[in-house]
Enquirer: 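A single structure is presented below for examination.
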Number of protein chains: 2
Amino acid sequence: MTTLYDVAREARVSIKTVSRVLNNTDKVKEDTVKRVKEAMSRLDYHPNATARNLKRRKTDTIGFVVPFGSRFVFTDPGMQEQMRGAHDVLTKAGYDMILTVPENGDRFLTDVVRLTRTGNVDGVILYGMAKAGAIVREFSRKGYRFVSLGYSYPHQTHNYVEIDAEAAGYLATRYLLSQGRRFIGLTQEPENFLFLNKVSVEVGYRHALNEEGLPYRSDLVSRTDFTVEGGYRAALELLEQNQKIDALICCSDPTAFGALRALREKGICPKKEILLLTGDRLPLIQAVEPWLGGIHNPLYEQGRMAAEMIIRIIQEGKDLPGVVLRPDLVIT
Amino acid sequence: MTTLYDVAREARVSIKTVSRVLNNTDKVKEDTVKRVKEAMSRLDYHPNATARNLKRRKTDTIGFVVPFGSRFVFTDPGMQEQMRGAHDVLTKAGYDMILTVPENGDRFLTDVVRLTRTGNVDGVILYGMAKAGAIVREFSRKGYRFVSLGYSYPHQTHNYVEIDAEAAGYLATRYLLSQGRRFIGLTQEPENFLFLNKVSVEVGYRHALNEEGLPYRSDLVSRTDFTVEGGYRAALELLEQNQKIDALICCSDPTAFGALRALREKGICPKKEILLLTGDRLPLIQAVEPWLGGIHNPLYEQGRMAAEMIIRIIQEGKDLPGVVLRPDLVIT
DNA sequence: TTGTACGCGTTATCAT
DNA sequence: ATGATAACGCGTACAA
């Protein structure tokens with residue numbers, strides 16, 4: 001491996017001068033610059049990032065840590081969109097992204113600690129969830145940098161990017177009511193994805209029903225994970241529980257894929273007898289079922305903004321106020 | 001930040017002793033170990049990874065670099081499976097994974113160079129493609145460590161994990177022939193995903209037709225990218241080109257999703273009039289269309305083995321012979 | 001069993 | 001405009 005010293009010797013200057021032309025931080029004579037650059041390319045010199053990191057006390061690397069296990073994370077279109085958003089911003093800003101997908105909440109803590117405390121990364125983006133609460137508060141005390149996707153603890157005011165799930169539920173329900181639907185089914189988010197059930201789609205759903213003077217019926221609401229299989233089961237369950245059901249709001253795209261499968265198996269048209277709305281309306285389901293309307297949750301933007309936020313937090317050295325993104329309804 | 005020195009002072013030993021209990025490399029008296037460990041937790045000490053990396057001349061980090069852009073990579077189920085396989089192995093082995101998704105072949109080169117030459121990572125997993133050829137040969141000369149997913153240059157004998165696409169084409173075609181189909185459509189892989197068209201599904205497809213004494217008909221073959229939209233267009237094109245078409249082999253799951261959409265729009269049953277086979281049969285399409293048979297390409301295993309291979313290459317300090325995985329046919 | 005002293009390859013402070 | 005030299009925090013040859 002060739003080092004600064006090799007280049008310095010070759011160019012007959014000091015290592016400081018080489019360092020100067022490398023980071024063009026000070027003025028260096030035109031002529032010297034040329035000699036140094038030639039020496040660098042002659043020796044095929046590449047600066048060592050680790051030594052640089054040690055000296056600068058930063059790594060230009062951000063950790064993206066999400067629990068729930070790789071099977072889910074690498075399969076769920078929503079997670080992918082968040083990762084994609086974060087990746088694009090980080091890459092453009094010159095950061096590397098370390099992706100870590102612990103199998104569960106306990107590993108989550110260990111992994112986050114390992115990445116941050118050892119100085120492996122300058123900061124982390126992590127999923128907002130109760131388990132993260134403790135760690136995140138400690139981070140704030142000790143000055144480790146983080147941004148959470150959603151809330152990590154009650155009354156969190158800083159360092160998060162959230163999507164307004166309540167608005168999503170409200171928008172979807174309002175639309176279905178406006179279409180004359182009166183028995184609107186709802187598949188809810190999985191519990192471990194929520195923090196204290198504060199910002200559930202169900203709240204918006206109830207709100208809209210209320211405005212219309214319609215009662216909330218528990219036999220029209222089912223909880224599911226964000227998987228196709230879960231959506232399938234939830235839809236079958238709701239169909240059985242309430243025969244009058246004439247609309248269905250799905251909490252994610254995979255859920256909608258599952259619900260579609262259930263309806264089709266039963267010979268029910270997902271646009272007529274039951275008016276189906278999907279949950280995130282990301283590229284895949286848009287391409288496969290272009291006719292299907294639903295809530296568009298800006299998951300790409302969430303990842304993007306989380307990345308922008310962590311970068312700013314690192315650069316400015318202080319926490320930043322949280323942000324809430326608005327979903328919108330897309331009807332085709 | 002607390003360092004070895006702080007701990008050493010607190011425990012009234014030398015830094016070498018602290019280092020010893022940290023990596024438990026030498027014998028240390030029971031009593032001393034305890035004192036040191038207490039000091040560490042009292043001072044909330046966490047060893048600095050960067051300094052450690054600098055001294056050990058490795059980072060325990062692997063780069064996963066795939067061109068084609070984030071829009072594709074974070075959306076395509078096949079890429080996800082490869083990433084998932086690699087992630088699982090790397091994580092378990094104590095490596096971090098840096099994910100980098102350049103927009104195109106040129107950025108690809110820059111990114112790979114940046115990661116490796118600067119010592120940011122101990123090795124890279126990268127997509128096998130013509131563009132990678134030059135870089136990979138240089139790596140071999142200079143001792144940088146890599147594994148490619150597929151071939152990176154002709155006659156590559158080492159450091160790759162490939163899937164036998166020819167076998168996939170052969171298996172699928174044979175099956176369809178055995179079901180009495182005679183006009184079998186094929187959507188081929190996109191050109192930039194192949195290296196010199198050497199191991200295309202088309203080769204196996206031709207082979208199987210040949211065995212049956214059937215002619216190869218170019219109006220039954222269409223090239224497409226790995227997207228839903230591409231599959232949709234390809235299917236429509238083939239339906240138009242050859243009215244007798246009675247089977248269709250898709251080169252990926254998104255392609256199959258697209259083809260399904262096309263068939264359904266035309267009122268054609270994808271099991272009867274046209275016998276459809278999907279391309280990878282990964283978890284998502286399995287869940288959404290469980291009745292749909294196809295080739296199962298072991299993409300998770302490919303990612304897994306690539307990770308295992310790069311780890312061994314690093315540890316053993318020498319290149320390893322390439323591996324070819326076999327796909328298999330799954331009929332439901 | 002424990003400690004001293006040096007080196008890893010940079011950046012940065014002070015001179016000149 | 002340039003250079004000598006000290007850090008950064010850890011591992012380790014060598015000494016005790």
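Order of the sequence lines fixes the chain letters, A, B, ..., with proteins taken first and strands second; residue numbering starts at 1 for each chain. The figures that follow rest on heavy atoms only: side chains count, while hydrogens, waters and symmetry mates do not.
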Enquirer: Rounded to whole angstroms, how far apart are CZ on B:R12 and C1' on C:dT2?
Expert: 15 Å
Enquirer: Got a donor-acceptor contact below 3.5 angstrom from the B:S148 side chain to the B:Y160 backbone?
Expert: no
Enquirer: Do A:S70 and B:D88 have side-chain N/O donor and acceptor atoms under 3.5 Å apart?
Expert: yes
Enquirer: Rounded to whole angstrom units, what separation is found between the OH atom of A:Y45 and the P atom of C:dG9?
Expert: 10 Å
Enquirer: Looking for any heavy atom pair under 4.0 Å, which part of the strands does B:T32 touch: base, sugar-phosphate only, or nothing?
Expert: sugar-phosphate
Enquirer: Less than 6.0 angstrom separating the ring centers of A:Y127 and A:F108, yes or no?
Expert: no
Enquirer: Where do N or O atoms of nucleotides 12-16 of chain C meet protein N or O atoms at under 3.5 Å, pair by pair?
Expert:
from, atom 1, to, atom 2, distance (Å)
C:dA12, N7, A:K16, NZ, 3.2

Enquirer: On the nucleotide C:dG3, are OP1 or OP2 found under 4.0 Å from the side-chain N or O atoms that B:T17 carries?
Expert: yes
Enquirer: Side-chain contact test, heavy atoms from C-beta onward, threshold under 4.5 Å: evaluate it for B:H87 versus B:R84 and give yes or no.
Expert: no
Enquirer: Quick one: closest heavy-atom pair of A:F72 and A:M79, and the distance?
Expert: CE2-CG, 3.9 Å
Enquirer: Mark yes or no for whether A:R42, through its side chain, and A:V7, through its backbone, hold a donor-acceptor pair below 3.5 Å.
Expert: no
Enquirer: Can you measure A:M40 atom CE to C:dG9 atom P for me and round it to whole angstrom units?
Expert: 17 Å
Enquirer: Quick check: are there more than 12 heavy atoms from other residues, nucleotides or ligands sitting under 6.0 Å from CZ of A:R56?
Expert: yes
Enquirer: Strictly distance-based, threshold 3.5 Å: is any side-chain N or O of B:N104 a donor or acceptor partner for the main-chain N or O of B:R107?
Expert: yes
Enquirer: Rounded to the nearest angstrom, tell me the gap between atom CZ in A:R57 and atom C1' in C:dT10.
Expert: 13 Å
Enquirer: Heavy atom of residues 111-123 of chain B under 4.0 Å from DNA chain C: which residues?
Expert: none
Enquirer: How long is the straight-line distance from CG of A:L126 back to OG of A:S152, given to the nearest 0.5 Å?
Expert: 6.0 Å
Enquirer: Counting only side-chain nitrogens and oxygens, does B:S14 get under 4.0 Å of the OP1 or OP2 atom of C:dG3?
Expert: yes
Enquirer: Picking from C:dG9, C:dT2, C:dT11, which would you name as closest to the side chain of A:L22?
Expert: C:dT11
Enquirer: Please find the pair of heavy atoms, one from A:I62 and one from A:L90, that lie closest to each other, and give the distance.
Expert: CG1-CD2, 3.7 Å
Enquirer: Rounded off to whole Å, could you give me the CG-to-C1' distance for the B:L4 and C:dT2 pair?
Expert: 15 Å
Enquirer: Over how many whole Å does the gap from A:D6 atom CG to C:dC8 atom P extend?
Expert: 11 Å
Enquirer: Roughly, in whole Å, what's the span from OH in A:Y5 to C1' in C:dT10?
Expert: 9 Å
Enquirer: Whether the side chain of B:N159 engages the backbone of B:F146 through a donor-acceptor N/O pair (distance < 3.5 Å, no angle test) should be reported.
Expert: yes
Enquirer: First contact, last contact: which nucleotides of DNA chain D are these for chain A, 5' to 3', heavy-atom distance under 4.0 Å?
Expert: D:dA1 to D:dG9
Enquirer: Is a donor on one side and an acceptor on the other found under 3.5 Å between the side chain of B:R145 and the backbone of B:G317?
Expert: yes
Enquirer: Let me know the distance between CZ of B:R9 and P of C:dG3, rounded to the nearest Å.
Expert: 14 Å
